[in-house]
Amino acid sequence: MTNFHTPLSIDFFEKPTLNLAQSLLGCLLVKETPESICSGYIVETEAYMGPEDRAAHSFGNRRTKRTEIMFGRSGLVYTYQMHTHTLVNVTSGGVDKPEAILIRAVEPVEGIERMQQRRSLQDVKKLTNGPGKLTKALGITMQDYGSSYTKPPIYITSGIIPEHISIGPRIGIGNSGEAKDYPWRFWITGNSYVSK
DNA sequence: CTTATGATCCACT
DNA sequence: GTGGATCATAAGT
């Protein structure tokens, strides 16, 4: 809790999306608010590969006010409202490709009591094991849309080195044709905070 | 203005 | 594993 976190520099995010998705595993996602600081290790991610990915918001280069941020540089915060939940992504692919990485789960590290308050739930194992849950626990909102992960109040720092990484098909995109079987989901093998 | 559609969660079987 | 709640976003009338 007394650690001073140094955000990763922008060049960390300037690598191929599928590569970055794996590099993010084990990194510490930090969210600062006026009254507290909450953080967690990223344990599960999913890649959304832009124009060629039917499951992505940017499929077919569909560019709207909402997806606009994906057409910008890498390493930005793309928050999205879904079924009363906020989901958080890291933009990737640079200015040429509208790609993004969804953070699906984190392992609570700092501010756990604050997270329990926000979620009205004691069970730490279930606090952040889903994309909609971790945003509520950490206090990430649409206010963070367009911010950069290289500076407060929301940023990413180096964390732990995963022992082993698993790869598999993504979740919750059943009506996306062929794209639903692509192995673009990554998680830390055996970690109990990964969503089911 | 109206309608369709989810990158989800939770309760229940 | 299945289904309903519930609402912001986008496209159609």
Side-chain angles (χ1 to χ4, degrees), chain A residues 13 16-18 20-22 24-25 27 29 31 40 42-72 74-93 97-108 115-147 149 154 156 166-188 192-196:
Chain A
F13 299 96
T17 299
L18 292 176
L20 178 59
Q22 295 176 64
L24 284 171
L25 293 176
C27 287
L29 175 63
K31 166 72 189 196
I42 296 171
V43 298
E44 185 178 2
T45 60
E46 258 177 27
Y48 285 85
M49 303 299 283
E52 299 168 19
D53 183 0
R54 286 195 53 183
H57 291 154
S58 51
F59 171 65
N61 274 312
R62 211 161 64 98
R63 183 170 187 163
T64 66
K65 190 175 173 183
R66 183 182 68 174
T67 61
E68 184 69 31
I69 198 72
M70 281 197 275
F71 291 82
S74 302
L76 299 178
V77 180
Y78 171 35
T79 46
Y80 164 63
Q81 299 281 153
M82 171 74 176
H83 291 75
T84 74
H85 299 284
T86 301
L87 277 58
V88 66
N89 299 250
V90 179
T91 62
S92 183
K97 289 173 289 186
E99 302 175 343
I101 297 163
L102 168 68
I103 298 176
R104 286 195 64 85
V106 303
E107 175 180 334
M115 294 187 207
Q116 291 172 322
Q117 271 177 32
R118 288 190 175 119
R119 295 264 296 123
S120 301
L121 199 153
Q122 291 301 306
D123 192 344
V124 178
K125 296 269 182 186
K126 297 177 180 173
L127 225 42
T128 57
N129 65 340
K133 301 180 192 178
L134 73 92
T135 55
K136 185 174 183 183
L138 293 176
I140 295 172
T141 69
M142 287 305 290
Q143 299 247 320
D144 297 305
Y145 181 93
S147 182
Y149 282 109
I154 179 170
I156 291 174
S166 294
I167 300 176
R170 292 172 294 178
I171 291 176
I173 53 170
N175 56 346
S176 301
E178 302 287 312
K180 76 181 193 312
D181 297 320
Y182 296 169
W184 289 344
R185 174 169 168 250
F186 308 93
W187 69 94
I188 296 179
S192 55
Y193 294 91
V194 171
S195 62
K196 64 172 185 178

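Chain letters run A, B, ... following the sequence lines, proteins first and then strands; every chain starts at 1. Since we're looking at a predicted model, the values are computed, not measured.
- Proximity of residues 48-55 of chain A to DNA chain B (heavy atom under 4.0 angstrom from any strand atom) is restricted to Tyr48(A), Ala55(A).
- The CG-C1' distance, from Leu87(A) to dC9(B), rounds to 11 Å in whole Å.
- In this structure, NE2 of His83(A) is placed 13 Å from P of dG4(C), rounded to the nearest angstrom.
- Atom P of nucleotide dA8(C) and atom OH of Tyr145(A) are separated by 17 Å, given to the nearest angstrom.
- In this structure, a donor-acceptor pair under 3.5 Å is absent between the side chains of Lys125(A) and Asn129(A).
- Side-chain atoms of His57(A) and base atoms of dA7(B) include a donor and an acceptor less than 3.5 Å apart.
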Could you go through Glu107(A) and Thr128(A), starting from their C-alpha distance and side-chain angles, then the distance that decides it, and tell me whether this counts as side chain to side chain donor-acceptor pair (under 3.5 Å)? CA-CA 7 Å; Glu107(A) 175 180 334; Thr128(A) 57; over 6 Å; no
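- Looking at Leu87(A) and Leu102(A), their side chains come closer than 4.5 Å, going by heavy atoms from C-beta outward.
- In this structure, the side chains of Phe186(A) and Leu18(A) come closer than 4.5 Å at one or more pairs of heavy atoms.
- Of the residues in residues 117-136 of chain A, none has a non-hydrogen atom less than 4.0 angstrom from any atom of DNA chain C.
- Nucleotide dA7(B) holds its C1' atom 16 Å from the CG atom of Asp181(A), rounded to whole Å.
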Could you go through nucleotides 9-13 of chain C and list every protein N or O atom that sits under 3.5 Å from one of its N or O atoms, giving the distance for each pair?
from: dA10(C); atom 1: OP1; to: Thr64(A); atom 2: OG1; distance (Å): 2.7
from: dA10(C); atom 1: OP1; to: Arg66(A); atom 2: N; distance (Å): 3.4
from: dA11(C); atom 1: OP1; to: Arg62(A); atom 2: NH1; distance (Å): 3.3

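- A donor-acceptor pair is defined here as one N or O able to donate and one able to accept, closer than 3.5 Å; such a pair exists between the side chain of Ser58(A) and the backbone of Pro98(A).
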Test side-chain contact (heavy atoms from CB on, under 4.5 Å) on Val90(A) and Tyr149(A); report intermediate values, then the result. CA-CA 8 Å; Val90(A) 179; Tyr149(A) 282 109; 3.5 Å; yes
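- The closest side-chain donor-acceptor pair between Tyr48(A) and Glu46(A) falls under 3.5 angstrom.
- The shortest side-chain heavy-atom distance between Arg185(A) and Ile171(A) falls under the 4.5 Å cut-off.
- Using a 4.5 Å cut-off on side-chain heavy atoms (C-beta onward), Asp53(A) and Phe59(A) make no contact.
- Atom NZ of Lys196(A) is separated from atom C1' of dT8(B) by 13 Å (rounded to the nearest Å).
- A straight line from NE2 of His85(A) to C1' of dC9(B) spans 5 Å, rounded to a whole angstrom.
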Counting Watson-Crick and G-U wobble pairs with both distances under 3.5 Å, what is the dot-bracket string for DNA chain C, 5' to 3', using [ ] for crossing pairs and | for pairs to another strand? |||||.||||||.
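- Around atom CD of Glu52(A), no more than 12 heavy atoms belonging to other residues, nucleotides or ligands sit under 6.0 Å away.
- Across residues 99-108 of chain A, Leu102(A), Arg104(A) each have a non-hydrogen atom less than 4.0 Å from an atom of DNA chain B (numbered order).
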What verdict does the side chain to side chain donor-acceptor pair (under 3.5 Å) test give for Ser92(A) and Thr17(A), after you've listed the backbone C-alpha separation in whole Å, the side-chain angles of each residue and the deciding distance to 0.1 Å? CA-CA 6 Å; Ser92(A) 183; Thr17(A) 299; 2.8 Å; yes
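- By the side chain to side chain donor-acceptor pair (under 3.5 Å) test, Arg118(A) pairs with no residue at all, sequence neighbours left out.
- Geometrically, Arg170(A) does not engage Tyr182(A) in a cation-pi contact, judged by NZ or CZ lying under 6.0 Å from the ring centre and within 45° of the ring axis.
- With a 4.5 Å cut-off on side-chain heavy atoms, Trp187(A) and Thr45(A) do not count as touching.
- Residues Tyr193(A) and Leu127(A) have side chains not in contact (no heavy-atom distance under 4.5 Å, counting atoms from C-beta outward).
- In this entry the distance linking CD1 of Ile171(A) with C1' of dA7(B) reads 11 Å, nearest Å.
- With respect to the salt-bridge test (charged N to carboxylate O, under 4.0 angstrom), the residues Glu178(A) and Arg54(A) do not qualify.
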